[in-house]
Amino acid sequence: MLARILFLVAMLLPCALHAEETPAENPGFARRLTIYLAKGAPDACGPGCDRWIAIEGEIDGDAAPRIRRFLAGVKDTQRPIYLHSPGGNVEQSYVIGRLLHSRKAVARVGRTIATACAAGTQVDAACLRTKAVGGEVEAELTTYHAMCNSACGYLFLGATSREVAPDAALAVHNSRLVLVFHGHPAPQAVAEYRQRRIANADRDRAAFIAAMGISRGLDDLIRTVKFENLHMLTRAELYRFGIDTRPFAEGMWRLEKATRPFIGKIAVMKKESGSSFRTMEWRMFCETRDRVPLLFAGEIDEASVGKSMIMMTADADKDQEAGGFPVRAAKYEMWSGSIDPDMVKAIMASRSLHVRRTTPMPDEKVDVATFDIDLTGLASMRTQLAAACSSVDAKPKGPSAGKPLASNSAAERHRAALGRAVAVSARAPDPCWARTGNLLPFIPPAPRPCACPHTHARARRDKPDGRSSRGPGSGGE
């Protein structure tokens with residue numbers, strides 16, 4: 001009976017906070033999902049990895065067949081896939097997610113930057129043609145400010161190996177259900193149809209999440225997030241839901257060009273007790289008088305008592321050390337020092353920086369945490385840092401105070417480090433990232449997880465206030 005009265009076309013639209021959004025309101029993303037092969041410098045996508053698959057842009061209504069055809073021609077199923085997308089069509093994302101699951105794909109959140117395209121033109125028509133030609137596109141890769149939001153998350157969940165770097169974002173929300181129809185059906189008929197579609201969409205989302213081996217807690221969370229909002233998953237949530245279960249994760253080294261240029265890296269480490277994570281950052285500044293200022297900062301363990309101590313050695317020369325007692329500032333601890341040429345040389349020749357952090361705990365216990373920081377890409381970043389430093393009118397002073405660490409021996413450097421700590425000023429955190437509890441306040445803020453505009457080929461019936469009909473649907477588009 002209802003079918004004879006109504007002609008309804010119900011669909012989960014690409015993510016849109018407002019029905020009236022236009023493409024100009026969502027810069028930085030192609031209107032169609034783009035996939036291509038990328039090739040970078042040695043170790044660009046990790047140790048021994050210089051080739052990857054880039055998937056970026058909005059998930060359009062024809063994305064799944066296009067992605068299937070492309071991947072059919074890629075025989076290396078373990079070539080990592082880097083995703084950078086604001087979301088899009090939920091139903092298409094389910095299909096692509098299942099395809100990635102069948103390939104046992106490796107997925108990461110990251111931005112691919114084609115070197116043939118000028119800065120700020122990655123989604124221009126000419127650049128998109130370059131990516132669509134075929135073959136491998138020369139490119140750079142970064143996780144900094146990369147995002148996989150809304151429906152993109154379902155692509156990501158489909159992979160069997162998933163990695164979200166600490167400086168990237170995976171954000172979710174509920175979906176919008178829009179009913180498009182001809183005629184003037186009774187409001188009660190529309191309401192009944194809407195409820196059935198919403199229930200079906202909720203079941204589809206829950207079934208997809210379960211099939212991908214993800215905790216139902218993610219589905220429960222999505223149900224609580226309104227379509228108009230986005231919730232960036234915290235590191236603890238990524239771990240608890242089974243999305244990224246690494247106890248230690250780190251981003252790529254990046255160059256920050258500013259009045260005070262530096263190279264930086266962010267890492268997170270799971271605490272021994274509980275499911276919370278600790279965020280840390282390393283920064284290397286412009287060389288000053290043959291010495292290089294180095295900064296470490298991290299969140300303080302609330303259970304700790306007294307001062308902690310951090311020491312760092314490079315695997316190329318373990319006699320070279322740097323470190324000392326960090327200074328506490330609010331909920332963070334910070335250490336900075338000036339390392340000599342021998343230490344710099346050892347770091348540049350190493351694959352890893354070995355870190356040992358000793359923290360006094362209650363009941364006279366001592367917590368000792370050891371971990372390695374990957375130095376892949378640091379040498380090339382330092383070359384770029386030197387160029388950035390030379391372009392600054394006046395080189396800024398390093399963050400260290402007092403005499404630099406002695407370099408006669410590891411023991412002397414160690415003793416000197418113990419008596420030294422330098423406070424580093426930190427600005428207020430960006431509100432968007434601060435609410436996640438995931439990043440330190442002195443890290444430049446990332447853009448808020450954005451929404452993507454939607455297009456609709458058929459006329460829709462608007463509410464009196466001008467807004468289109470909507471309701472929760474089957475996932476975070």
Side-chain angles (χ1 to χ4, degrees), residues 250-256 258 260-267 280-298 307-327 332-358 369-390 392 395-425 440 442-443:
E250 54 189 312
M252 297 177 173
W253 289 98
R254 75 182 194 282
L255 172 65
E256 186 72 23
R260 189 184 191 185
F262 65 88
I263 307 168
K265 167 175 281 226
I266 304 169
M280 301 166 284
E281 184 184 22
W282 284 258
R283 287 186 178 185
M284 183 176 288
F285 295 86
C286 297
E287 185 172 324
T288 304
R289 296 188 297 276
D290 296 327
R291 306 187 76 87
V292 176
L294 180 66
L295 165 72
F296 162 81
K307 290 185 177 181
S308 62
M309 182 177 69
I310 182 168
M311 298 301 297
M312 295 166 279
T313 60
D315 56 19
D317 186 353
K318 295 184 179 180
D319 287 335
Q320 300 291 331
E321 282 187 321
F325 288 120
V327 165
Y332 306 99
E333 60 180 8
M334 308 174 203
W335 172 89
S336 67
S338 179
I339 57 178
D340 61 25
D342 289 340
M343 181 69 179
V344 174
K345 182 177 179 181
I347 291 176
M348 294 302 132
S350 302
R351 300 290 294 187
S352 300
L353 183 68
H354 307 298
V355 182
R356 178 184 176 90
R357 180 175 177 271
T358 304
T370 59
F371 53 93
D372 293 342
I373 293 297
D374 186 12
L375 298 178
T376 300
L378 178 61
S380 62
M381 284 291 104
R382 186 163 183 260
T383 300
Q384 296 180 41
L385 175 64
C389 294
S390 64
V392 177
K395 291 185 178 181
K397 295 181 180 180
S400 62
K403 295 182 179 180
L405 292 175
S407 58
N408 294 335
S409 68
E412 290 180 11
R413 283 194 302 276
H414 180 74
R415 286 193 295 271
L418 296 183
R420 179 191 195 133
V422 180
V424 179
S425 61
L440 301 181
F442 41 80
I443 295 173

### Main-chain N/O of Gly264 paired with Glu256 side-chain donor or acceptor, under 3.5 Å
no
### Query
Is a donor on one side and an acceptor on the other found under 3.5 Å between the side chain of Lys265 and the backbone of Leu378?
no
## Note on the structure
Output for pair (Leu375 CG, Asp315 CG), nearest 0.5 Å, gives 7.0 Å
### Task
Compare all side-chain heavy atoms of Ile347 with those of Ile339 and state whether any distance is below 4.5 angstrom.
yes
### Message
Quick check for you: to the nearest 0.5 Å, what is the distance between Cys389 atom SG and Gln384 atom CD?
### Response
11.5 Å
### Query
For Met284 and Val292, which heavy atoms make the closest approach, and how far apart are they?
CG-CG1, 3.3 Å
#### Entry: Minimum heavy-atom distance between Pro293 and Cys286, given as atom pair plus value
CD-O, 3.2 Å
### Task
Kindly determine whether Trp253 and Asp374 satisfy side-chain contact (heavy atoms from CB on, under 4.5 Å), including the steps that lead there.
CA-CA 9 Å; Trp253 289 98; Asp374 186 12; 5.7 Å; no
### Query
Any donor and acceptor pair, going by atom type alone, linking the side chain of Ser350 with main-chain N or O of Ala316 inside 3.5 Å?
yes
### Rounded distance (nearest 0.5 Å) linking atom CD of Glu281 with atom CG of Leu295
7.0 Å
### Query
When rounded to the nearest 0.5 angstrom, what distance separates CE in Met312 from CG in Leu353?
6.5 Å
## Note on the structure
What one should report as the nearest heavy-atom pair of Met348 and Ala379 is SD-CA, 3.8 Å
### Query
Is there side-chain contact between Arg357 and Ser308, with at least one heavy-atom pair below 4.5 Å?
yes
### Message
As a quick check of understanding, evaluate side-chain contact (heavy atoms from CB on, under 4.5 Å) for Ile266 and Arg254, giving each step before the final call.
### Response
CA-CA 9 Å; Ile266 304 169; Arg254 75 182 194 282; 4.2 Å; yes
### Query
If you take all heavy atoms of Gln320 and Ala346, which pair is closest and at what distance?
CG-CB, 4.2 Å
### Task
Apply side-chain contact (heavy atoms from CB on, under 4.5 Å) to the pair Asp340 and Arg291, showing each step before the final yes or no.
CA-CA 5 Å; Asp340 61 25; Arg291 306 187 76 87; 3.6 Å; yes
#### Entry: Polar side-chain atom of Trp335 near backbone of Met309 as donor-acceptor pair, under 3.5 Å
no
### Query
Tell me, do Thr288 and Ser338 make a side-chain contact under 4.5 Å, heavy atoms counted?
no
### Message
Less than 4.5 Å apart, side chain to side chain, heavy atoms only: is that true for Met343 and Leu294?
### Response
no
### Message
Looking at Glu287 and Arg382, is there a salt bridge between them, counting it only when a charged N and a carboxylate O are closer than 4.0 Å?
### Response
yes
### Query
How are the rings of Phe371 and Trp282 set relative to one another: parallel (under 30°), tilted (30 to 60°) or perpendicular (over 60°)?
perpendicular
### Intermediate values then yes/no, side-chain contact (heavy atoms from CB on, under 4.5 Å), Lys318 and His354
CA-CA 9 Å; Lys318 295 184 179 180; His354 307 298; 4.1 Å; yes
